[in-house]
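All remarks here apply to the structure that follows.
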There are 2 protein chains.
Amino acid sequence: MNIENTKAQMKKGILEYCILSIISRGEVYASDIIEELKNSKMIVVEGTLYPLLTRLKNDELLSYQWVESNSGPPRKYFQLTSEGKRILKELSETWNELVIAVNRTTKKK
Amino acid sequence: MNIENTKAQMKKGILEYCILSIISRGEVYASDIIEELKNSKMIVVEGTLYPLLTRLKNDELLSYQWVESNSGPPRKYFQLTSEGKRILKELSETWNELVIAVNRTTKKK
DNA sequence: TTTAGTACTTTGTATTGCATAGTACAATCT
DNA sequence: AGATTGTACTATGCAATACAAAGTACTAAA
């Protein structure tokens with residue numbers, strides 16, 4: 001029984017929602033996303049984020065364009081597609097339902 | 001992008017917490033657990049529950065004894081060990097932290 | 001030119017929810 | 001008594017994803 005592993009398992013499925021939310025507030029690139037997640041005590045590593053962004057792009061929830069950086073290599077800036085916005089709303093409901101279900105199961109208010 | 005798959009992913013890591021909570025309220029067997037989860041809109045199937053109960057038993061969070069049933073095959077009744085109670089408390093905190101982190105990330109209150 | 005920092009890509013692993021197939025026990029039906 | 005049905009549990013394989021690690025590529029500074 002390893003609590004760190006459980007934390008990782010608990011994150012599965014939830015990170016999509018978090019990342020779509022962050023992007024919905026305006027164009028960002030990967031390091032922005034990692035920074036915002038860290039600020040919210042949601043630690044996610046590159047090996048998770050990049051494949052996830054790729055999946056979301058392949059599912060047509062995201063689009064991106066390359067933007068020259070003035071202090072390093074070019075960056076991929078992401079935005080939500082209209083499909084991405086629709087799914088984000090759905091994920092929001094799904095998350096809320098999950099919280100309610102878990103709190104009911106565990107009898108927390 | 002399949003919302004049902006996302007729901008399954010979101011459940012990962014959380015079911016332990018739910019199941020330990022249910023058992024903490026008194027001895028139950030597997031069908032009791034499935035019923036309580038269903039009542040809380042937390043659908044879990046046998047193929048998930050039994051291996052999970054076995055894992056928790058192997059991790060020494062649960063103990064069980066066989067009890068004759070008066071209307072069918074014998075049943076395995078589970079209780080929390082003291083380690084199980086300790087971990088349940090830890091999982092409760094972990095869950096609460098996750099909810100806070102997600103809601104902060106998604107800017108929900 | 002080399003080094004360091006930044007950004008992204010790729011791949012393999014571990015874990016777990018789900019689906020499915022099966023075994024076993026007890027009660028009821030034929 | 002044997003067959004069927006319902007209940008309870010076991011075992012296995014698959015899909016998906018977070019993480020770790022290795023690598024490529026671009027830019028600026030040394």
Side-chain angles (χ1 to χ4, degrees), chain A residues 1-20 27-35 37-38 42-59 62 64-78 91 94 98 101-102, chain B residues 1-20 27-35 37-38 42-59 62 64-78 91 94 98 101-102:
Chain A
M1 174 56 205
N2 171 3
I3 198 72
E4 291 308 314
N5 175 57
T6 302
K7 286 180 181 176
Q9 298 295 331
M10 284 188 177
K11 286 186 205 164
K12 290 189 175 178
I14 292 172
L15 290 182
E16 270 178 41
Y17 173 46
C18 293
I19 285 161
L20 289 175
E27 282 197 338
V28 284
Y29 78 112
S31 293
D32 286 334
I33 295 172
I34 287 184
E35 198 60 35
L37 288 167
K38 198 184 300 180
M42 195 81 174
I43 310 297
V44 176
V45 295
E46 299 162 3
T48 299
L49 182 60
Y50 284 110
L52 175 49
L53 288 170
T54 301
R55 284 200 317 265
L56 293 174
K57 190 234 8 168
N58 288 340
D59 287 341
L62 297 184
Y64 67 80
Q65 61 260 7
W66 288 101
V67 176
E68 295 283 346
S69 157
N70 60 2
S71 64
R75 299 164 172 175
K76 234 179 206 178
Y77 276 84
F78 295 93
L91 288 175
T94 297
L98 180 66
V102 171
Chain B
M1 172 57 207
N2 170 1
I3 198 73
E4 290 309 313
N5 175 57
T6 301
K7 286 181 182 177
Q9 298 293 331
M10 284 185 177
K11 285 184 203 164
K12 289 188 179 182
I14 292 172
L15 288 183
E16 268 179 41
Y17 173 46
C18 294
I19 285 162
L20 288 175
E27 284 198 336
V28 285
Y29 79 110
S31 293
D32 288 333
I33 295 172
I34 287 183
E35 198 59 37
L37 288 167
K38 196 184 300 181
M42 196 76 174
I43 309 298
V44 176
V45 296
E46 300 163 4
T48 300
L49 182 60
Y50 285 110
L52 177 47
L53 288 170
T54 302
R55 281 201 317 265
L56 293 173
K57 189 234 7 165
N58 289 340
D59 288 340
L62 297 184
Y64 68 80
Q65 61 259 5
W66 286 103
V67 175
E68 294 284 347
S69 159
N70 59 1
S71 65
R75 300 165 171 177
K76 233 180 207 179
Y77 276 83
F78 295 92
L91 288 174
T94 299
L98 180 66
V102 172

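In what follows, every chain begins at residue 1, and chains take the letters A, B, ... in the order their sequences are listed.
Looking at residues two or more places apart in sequence or on another chain, you find a salt bridge (Lys or Arg N to Asp or Glu O under 4.0 Å) between A/Lys7 and A/Glu4. Listed by chain and residue number, nothing satisfies the salt bridge (Lys or Arg N to Asp or Glu O under 4.0 Å) test with A/Lys38 (two or more places apart in sequence, or in another chain). Evaluation of the side-chain contact (heavy atoms from CB on, under 4.5 Å) rule for A/Glu16 yields A/Leu52, A/Arg55, A/Leu56, A/Leu91, B/Met1, B/Thr6 as partners, not counting sequence neighbours. Among residues two or more places apart in sequence or in another chain, the side-chain hydrogen bond (donor to acceptor under 3.5 Å, both in side chains) test is passed with A/Glu46 by none. Under the side-chain contact (heavy atoms from CB on, under 4.5 Å) criterion, A/Ala8 pairs with no residue, sequence neighbours left out. Residues that satisfy the side-chain hydrogen bond (donor to acceptor under 3.5 Å, both in side chains) test with B/Glu35, not counting sequence neighbours, are absent from this structure.
Distance A/Leu56 CG to D/dT17 C1': 12 Å, rounded to the nearest Å. We find that CG of B/Asn2 is positioned 9 Å from P of D/dT17, with the value rounded to whole Å. Atoms CG (A/Leu15) and C1' (D/dT17) sit 9 Å apart, rounded to a whole Å. Taking atom CG of A/Leu49 as the reference point, atom P of D/dA20 lies 14 Å away to the nearest angstrom. When rounded to the nearest whole Å, the span between CG of A/Leu52 and C1' of D/dA16 equals 12 Å.
Remark: the backbone N or O of A/Leu98 is not paired with any side-chain donor or acceptor of B/Lys11 at under 3.5 angstrom.
Of all nucleotides in DNA chain C having an atom under 4.0 Å from a heavy atom of chain A, the first and last in 5' to 3' order are C/dG5 to C/dT16.
A side chain to side chain donor-acceptor pair (under 3.5 Å) check over residues 66-78 of chain A, counting only residues at least two apart or in different chains, returns the pairs A/Tyr29-A/Arg75.
For D/dC19, the OP1/OP2 oxygens have a side-chain nitrogen or oxygen of A/Lys11 closer than 4.0 Å. Within the structure, a side-chain polar atom (N or O) of B/Asn5 is placed less than 4.0 Å from OP1 or OP2 of D/dT17.
Counting all heavy atoms, side chain and backbone alike, B/Ala30 lies closest to B/Leu49 at O-CD2, 3.5 Å.
Across all strands, A/Glu68 comes closer than 4.0 Å only to sugar-phosphate atoms, never to a base (heavy-atom distances). Counting non-hydrogen atoms under 4.0 angstrom, B/Glu4 reaches nothing in the nucleic acid.
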N/O contacts under 3.5 Å, protein versus nucleotides 1-10 of chain D?
unit_1	atom_1	unit_2	atom_2	d
D/dA8	OP1	B/Tyr29	OH	2.5
D/dA8	OP1	B/Arg75	NE	2.8
D/dA8	OP1	B/Arg75	NH2	2.6
D/dA8	OP2	B/Ser31	OG	3.1
D/dC9	OP1	B/Lys76	N	2.5
D/dC9	OP2	B/Tyr50	OH	2.9
D/dT10	OP1	B/Lys76	NZ	2.5
D/dT10	OP2	B/Lys76	NZ	3.3

